[in-house]
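What follows is one structure encoded as C-alpha cells, with my remarks underneath.
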Amino acid sequence: MGFFDSFSTDIGIDLGTCNTLVYVRGKGIVINEPSVVAVERGTNVVVAVGSAAKQMLWKTPDNITAIRPLKDGVIADMDTTEKMIKFFIQKIIPRHRIFKPRMKIGIPSCITEVERRAVIEAALKAGAKEVDVIQESLAAAIGAKIPIHEPAGHMICDIGGGTTEISVISLNGMVVTSAIRLGGDEFDEAIMKHVRASHNLIIGQQTAEKLKIEIGNANPVEKTIGKMGISGTDSITGLPRRLEIDSVEVREALKDPVTQILDEIKSVLGSTPPELAADIVERGIVLTGGGALLKGFDKLISKETGVPVIVAEDPLNCVAVGAGEAFELYKEISSDRSIYDNLNS
C-alpha cells in the first residue's frame, strides 16, 4: 500500500437488487438502504434515495418516478445507479475530502463482462479512487468468518434479492460455483401471482414481502400456522378488498423458487470433488443473504441434502462486510505469496 493509500477510506459495497449496504473498514456497516431512487420525469433530478424513495414506489404522482436501478443483481439503469452510489458515499465521506475512497463491490458470478465493467464505471463516476469487484459468495464467506484460507472445502449459499450464488471454497478460491438469477424478488413475485390466481386479489410487492417475512415458511414439517390479513384490489370488480392468508398457503406459493434453489445446491454438491464434499458433510453449508432468513429454509435444505446447514450470524451484512475486509485479507495473502516467491527465486 502506497503512502497516499493510508489516507484513503476502504469501502465494501453490497450493491443489491433490493438493498445497498456500505461497509467502512474500522466502522462497520454505515449504510443499509433500499436500492431505490426517485427522480423528476423529464429532468431526472433526484428527489429521494433509499428508504425515502422506497416509500414512493407505486405511489408517485405523474411528475415523479421511483426507480429500482438494479435487476437480477446487475445494473439496469447506469445513470441512476451512479447517482445512488454517489448519494450514499457523500453521506459518509465529506465532499471537501481530498482523498477519494477505494471500493470493493460484491457482484454475482453469473454477470457478463459488460455488466462487470458497468459496476466499476458507475462506482468510479460516483467518486471512487479505485474500484475492484469480488464475487458475492467469496465476499459472503469472508463476512461470515469462514476460514477460506484453509485447505478444506467450505460451502456457502448466498440468497440475495436478485440472484442466488452457491460456491465451494478452498484455499482462498472458488473450486465450484453456480449462480442463478433468482432470489427474494422472485419469492415476492411468486406470492403475488398465487394470491391473484387463487383469490382474484391484486397485491403489491411490499405486501408480498411482508407476507414472506412475517408468515413465510419453506419447511412443510413446521406445525405452527400463522395468519395475516392483507388488502388489495379485486381483479374482477376493481374494488378494494381484504383477505386473510395463512402460512401454509404462502409456503405453497414459494414452492417453485425454493425448489429451484434446492436443485442448484444439489447440483453444486454433485459437482464437488469427493475430498471437499467430505469436508462439507462435516462442516455444513452456510446460508447468507436475505433469503437465509426465510423460516425453515435451513431445515429443508438439510433434510433434502443430508448435510448440516448453518445460517450465518449476520446474513444480511455478510457480502458488504466481506468485501470491505477483503482489502486486508488479500494484502496478507499477497504477503504470504511473496515469501514463497523468494524461496523459489
Side-chain angles (χ1 to χ4, degrees), residues 14 73 104 106-113 116 132-160 162-183 218 257-289 291-292 297-313 315 318-319 321-323 325-326 328-341 343-344:
D14 178 3
K104 200 174 284 284
I107 59 167
S109 62
C110 59
I111 72 172
T112 65
E113 181 61 25
R116 188 187 75 85
D132 193 12
V133 293
I134 179 171
Q135 288 177 309
E136 281 178 351
S137 52
L138 197 56
I142 296 168
K145 296 181 171 53
I146 294 173
I148 64 170
H149 60 280
E150 293 181 349
H154 300 276
M155 188 169 185
I156 188 153
C157 177
D158 181 65
I159 308 167
T163 58
T164 294
E165 186 156 303
I166 306 131
S167 297
V168 176
I169 299 169
S170 177
L171 291 169
N172 298 308
M174 294 192 293
V175 181
V176 184
T177 190
S178 178
I180 52 175
R181 300 198 181 201
L182 183 153
V258 162
T259 300
Q260 286 183 62
I261 292 173
L262 263 174
D263 289 345
E264 204 63 30
I265 291 171
K266 290 176 184 176
S267 175
V268 171
L269 281 169
S271 303
T272 302
E275 293 82 1
L276 297 181
D279 293 333
I280 293 164
V281 169
E282 184 181 327
R283 295 163 187 258
I285 301 167
V286 178
L287 294 186
T288 61
F297 204 3
D298 54 338
K299 294 183 180 68
L300 180 64
I301 295 169
S302 183
K303 175 184 156 191
E304 291 288 326
T305 62
V307 178
V309 177
I310 306 104
V311 177
E313 187 177 333
C318 285
V319 171
V321 171
E325 292 187 349
E328 195 64 28
L329 177 70
Y330 285 119
K331 191 171 76 173
E332 290 171 8
I333 293 169
S334 179
S335 174
D336 289 343
R337 282 178 180 162
S338 67
I339 293 171
Y340 293 109
D341 289 343
L343 285 172
N344 294 321

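Quick note: residue numbers are just sequence positions, from 1.
- Closest of all the heavy-atom pairs between G284 and I310 is CA-CD1, 4.0 Å.
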Which donor-acceptor pairs under 3.5 Å do side chains of residues 140-160 form with protein atoms, sequence neighbours excluded?
| unit_1 | atom_1 | unit_2 | atom_2 | d |
| --- | --- | --- | --- | --- |
| E150 | OE1 | R283 | NH1 | 3.1 |
| H154 | NE2 | P147 | O | 3.3 |
| D158 | OD1 | T288 | OG1 | 2.7 |
| D158 | OD1 | G289 | N | 3.4 |

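- Closest approach of T163 to P108, counting heavy atoms only: OG1-CB, 3.8 Å.
- Closest of all the heavy-atom pairs between S178 and V268 is CB-CG2, 3.7 Å.
- How far CD1 of I261 is from CD of E304: 13.5 Å, rounded to the nearest 0.5 Å.
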Please walk me through it: do V175 and T272 pass side-chain contact (heavy atoms from CB on, under 4.5 Å)?
-> CA-CA 8 Å; V175 181; T272 302; over 6 Å; no
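- One finds the CD1 atom of I285 at 11.0 Å from the CG atom of D298 (value rounded to the nearest 0.5 Å).
- In this structure, the side chain of R116 does not engage the main chain of I107 through any donor-acceptor pair within 3.5 Å.
- The nearest pair of heavy atoms linking A179 to E165 is CB-OE1, 3.6 Å.
- The two residues F297 and A218 come nearest to each other via the heavy atoms CA-CB, 3.8 Å.
- For the atom pair CD1 (I166) and CE (M174), the distance works out to 12.0 Å, reported to the nearest 0.5 Å.
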Are L276 and V176 close enough, and set up right, to give a side-chain contact (heavy atoms from CB on, under 4.5 Å), and what steps lead you there?
-> CA-CA 10 Å; L276 297 181; V176 184; over 6 Å; no
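- In terms of heavy atoms, S109 sits closest to T177 at OG-OG1, 3.9 Å.
- Counting heavy atoms from C-beta outward, V307 and I265 have side chains that stay 4.5 Å or more apart.
- Using a 4.5 Å heavy-atom cutoff, the side chains of E264 and T164 are not in contact.
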